[in-house]
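Only one structure is covered here, and it is reproduced in the block below.
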Amino acid sequence: LMQPLLHFRTTRKLYFLVRRLIDVDLAKYKEMLRKAYEVALMLKKQEEVLVVTHVDADGITSGSIALQALERAGIEGNILFVKQLDPSTIEQVADRNVFTWFTDLGSGQLDLIAEKKIECVITDHHVPQGHYRLQLNPNDFGVDGAHELGGAPTTYLVAKSMGLNYDLVSLAIVGAVGDLQDSRHGKLIGLNRLVLQEGVEGNFISAFRDLRLFGKQTRPVYKMLEYTFDPYLPGISGNEKAALELLESLGISPKDGEFWRRWIDLSYEEKVALTSELVKLCMEAGYPVSTIKRLVGETYIMLHEEEGTELRDAMEYSTLLNATARYGHEDVGLKVCLGDRGEALRRARTLLQNHRRNLSEGLKLVDEIGIVELDNIQYFHAEDKILDTIVGIVAGMCFSKANLRKPIIAFANNSEGVKVSARATQRLVEMGVHLANALRIAAEKVGGKGGGHSIAAGALIPAGCEKEFLRELDRIIGGQLAKCRS
Ligand code: C5P
Ligand code: C5P
Ligand code: ZN
């Protein structure tokens, strides 16, 4: 007799707990919207605005949201892409002498911006280095900028306050996925989810649980499997024959007449069978539960894009954008975001092939040179063999094989010195690791600069300082872990 009552009590408790969480998020969302409105008002007073943004998927989508919002408000907008905001790029911005809208960057460089007296607004999600009245940054509202609200969704909040820009929600979600904001739970959480909900309600986006591999829209299923390296599918990755045999063993025909079947062409039963088999293979290979869990999660479909194209799926769309921006062709990605489905999309697709090849060669290189373990961190130095702009992506991908108990640090040379990229796991962050803080301090110690998020950060340091930098960083990360333990 008591059982249903007990059950009722627990459900009620759970209900109120969930309600409270939602209320907290809603309260923060409303607070952010108030600030977004203030930022939007300032923008609407301008005749001309220079958008300064980051060269990655989140940066391109943020920039294109900003540009479209300005254009629709009758304000002249121009865009400048930068790899990072350092004294020389700030100088460049200051020289333009135009009201500036920093998107997906700026919060970490408030001192430089103030020094040059640049009139501006900022919509960013990086750990802020101080307060600024016209800065919209989730971290200022107790919202984690690495998982709960990305740069593009933050920018979208201002765009929404400038006018009826609800359609730009698709770009906001592509940007969030591009920054791996959905990586922790295999789905978007926090305020990202509230933005997503607007997209779903507005019929711009559809969200559902699905396999989370790259190429579900565009690749024959066997190629999708063969080309998956994150995570490495045991016996299948890099092996076309094995991928085809796997499909046959499950009774899944790889072809439909003349056409190679893509994931989206499979029936529900076939999708379930293949997913279960992949999970089984990874379990048998002894993969950590966290890696196996990542195989399945939410997929975000852009309902206004053509089925079977990269642009239909947020994961493929954002990779396509990274493939342009990280190679100095951000103009191509920008045109795609602004609606060019002809020449720009064709060029982006060629760049995507090149990007995928570079990532897989990067992973191979790390296999060859090996990852060196120190007390609290592990690292590899790619020298000139991996481009500085993608070495962070490669580092993140290495986690499917490397030691999960230590942050991974990657070095690559660039024209200004040595680029550092660092990636941690969620577990390490929970244990006290904060890469942005650690990299900032260690970089400054050797005359460089760093920042980012707790789980992913970067720095630029002078060449030849790697050893000293590593020593510092190893010590700082050790300190972060010890502090959390005590
Ligand atoms: O500068 P920005 O925030 O755009 O850079 C985000 C980078 O951090 C992405 O390239 C992504 O690889 C990484 N990241 C991550 N895990 C997260 C959030 C971001 O690896 N949870
Ligand atoms: O370049 P990478 O993807 O490794 O960058 C990871 C994070 O670190 C990004 O959020 C980026 O904005 C930040 N970063 C930084 N300062 C640098 C390099 C990267 O704040 N010099
Ligand atoms: Zn970002």
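Any value given below was found using the heavy atoms of this structure, including those in side chains, with hydrogens, waters and symmetry copies removed. Start at 1 and go down the list; that is how both ligands and their atoms are numbered.
For atom 17 (C) of ligand 1, the closest non-hydrogen atom of the protein is I455 CG2, 3.4 Å. Scanning the protein for heavy atoms near atom 10 (O) of ligand 2, the closest one is H126 NE2, 2.8 Å. Counting only heavy atoms of the protein, atom 21 (N) of ligand 1 lies nearest to H147 NE2, 3.1 Å. For atom 1 (O) of ligand 2, the closest non-hydrogen atom of the protein is K419 NZ, 2.6 Å. For atom 16 (N) of ligand 2, the nearest non-hydrogen atom of the protein is G458 O, 3.5 Å.
Taking CD1 of I377 as the start and CD1 of I371 as the end, the distance is 12.5 Å to the nearest 0.5 Å.
The atoms of ligand 1 that sit less than 4.0 Å from any heavy atom of H54 are 1 (O), 4 (O). With ligand atoms numbered from 1 in the order given, ligand 1 contributes 2 (P), 4 (O), 5 (O) to contacts under 4.0 Å with heavy atoms of D56. Atoms of ligand 1 lying under 4.0 Å from any heavy atom of R326, numbered from 1 in the order shown and given with element: 10 (O). Listed by number with element, the atoms of ligand 2 under 4.0 angstrom from any heavy atom of H453 are 10 (O). For ligand 2, the atoms sitting less than 4.0 Å from at least one non-hydrogen atom of A459 are 17 (C), 18 (C), 21 (N), numbered in the order shown with element in parentheses. Interface of K449 with ligand 2, defined as ligand atoms under 4.0 Å from a residue heavy atom, comprises 21 (N). If you number the atoms of ligand 2 from 1 as listed, the ones under 4.0 Å from a heavy atom of Q84 come out as 21 (N). Applying the 4.0 Å criterion to heavy atoms of L460 picks out, from ligand 2, the atoms 21 (N). Short contacts between ligand 2 and S421, defined as distances under 4.0 Å to a heavy atom of the residue, involve ligand atoms 1 (O), 2 (P), 4 (O).
Put simply, the side chain of N403 never gets that close to the backbone of Q378: no donor and acceptor are under 3.5 Å apart. The backbone N or O of L157 lies less than 3.5 Å from a partner atom in the side chain of S161, making a donor-acceptor pair.
Take the N/O/S atoms of D104: the one nearest the Zn ion (ligand 3) is OD1.
For the Zn ion (ligand 3), the set of nearby N, O or S atoms under 2.8 Å includes one belonging to H125. For the Zn ion (ligand 3), the set of nearby N, O or S atoms under 2.8 Å includes one belonging to D179. In summary, an N, O or S atom of D58 is located under 2.8 Å from the Zn ion (ligand 3).
Put simply, the side chain of K187 reaches to within 4.5 Å of the side chain of R193, judged on heavy atoms. Side-chain contact between R72 and L168 is present, with at least one heavy-atom pair separated by less than 4.5 Å. Side-chain contact check for I205 versus I301: every heavy-atom pair is 4.5 Å or farther apart. Put simply, the side chain of M302 does not reach to within 4.5 Å of the side chain of R312, judged on heavy atoms.
At a 4.0 Å heavy-atom cut-off, ligand 1 touches D179 through backbone and side chain alike.
Taking the six-membered ring for Trp and thresholds of 30 and 60 degrees, Y379 and F411 have ring planes more than 60 degrees apart, a perpendicular arrangement.
Under the 4.0 angstrom criterion for non-hydrogen atoms, A146 is in contact with ligand 1. Remark: distances from the non-hydrogen atoms of Q181 to ligand 1 are all 4.0 Å or more. Using a 4.0 angstrom heavy-atom cutoff, M397 does not count as in contact with ligand 1. The shortest separation from a heavy atom of G108 to ligand 2 is not under 4.0 Å, leaving the residue out of contact. Not a single heavy atom of I393 sits less than 4.0 Å from an atom of ligand 1.
For atom 6 (C) of ligand 2, the choice among R440, H125, R423 with the nearest heavy atom turns out to be R423. With A456, A422, S183 as candidates, the residue nearest to atom 8 (O) of ligand 1 on a non-hydrogen basis is A456. The closest heavy-atom contact to atom 20 (O) of ligand 1, among the options L180, T389, L105, comes from L180.
Aromatic ring centres of H125 and H453 lie closer together than 6.0 Å.
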- prompt: Given the rule in the salt bridge (charged side-chain N to carboxylate O under 4.0 Å, His left out) test, do E361 and K385 qualify, once you have shown the distances and angles that lead to the verdict?
  reply: CA-CA 9 Å; E361 277 170 13; K385 299 201 181 81; over 6 Å; no
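Looking at K216 and D313, a side-chain N of the basic residue comes within less than 4.0 Å of a carboxylate O on the acidic one, giving a salt bridge.
A cation-pi contact, defined as under 6.0 Å to the ring centre and within 45° of the axis, is absent between R34 and Y29.
Taking only nitrogen or oxygen atoms, main chain and side chain alike, G451 reaches within less than 3.5 Å of ligand 2.
A side-chain donor-acceptor contact under 3.5 Å links K419 and S421. Judged purely by distance below 3.5 Å, without hydrogens or angles, the side chains of Q129 and S107 never pair a donor atom with an acceptor atom. Side chains of E466 and H381: a donor on one and an acceptor on the other come within 3.5 Å.
Heavy-atom neighbours of E71 CD from other residues, nucleotides or ligands within 6.0 Å: at or below the threshold of 12.
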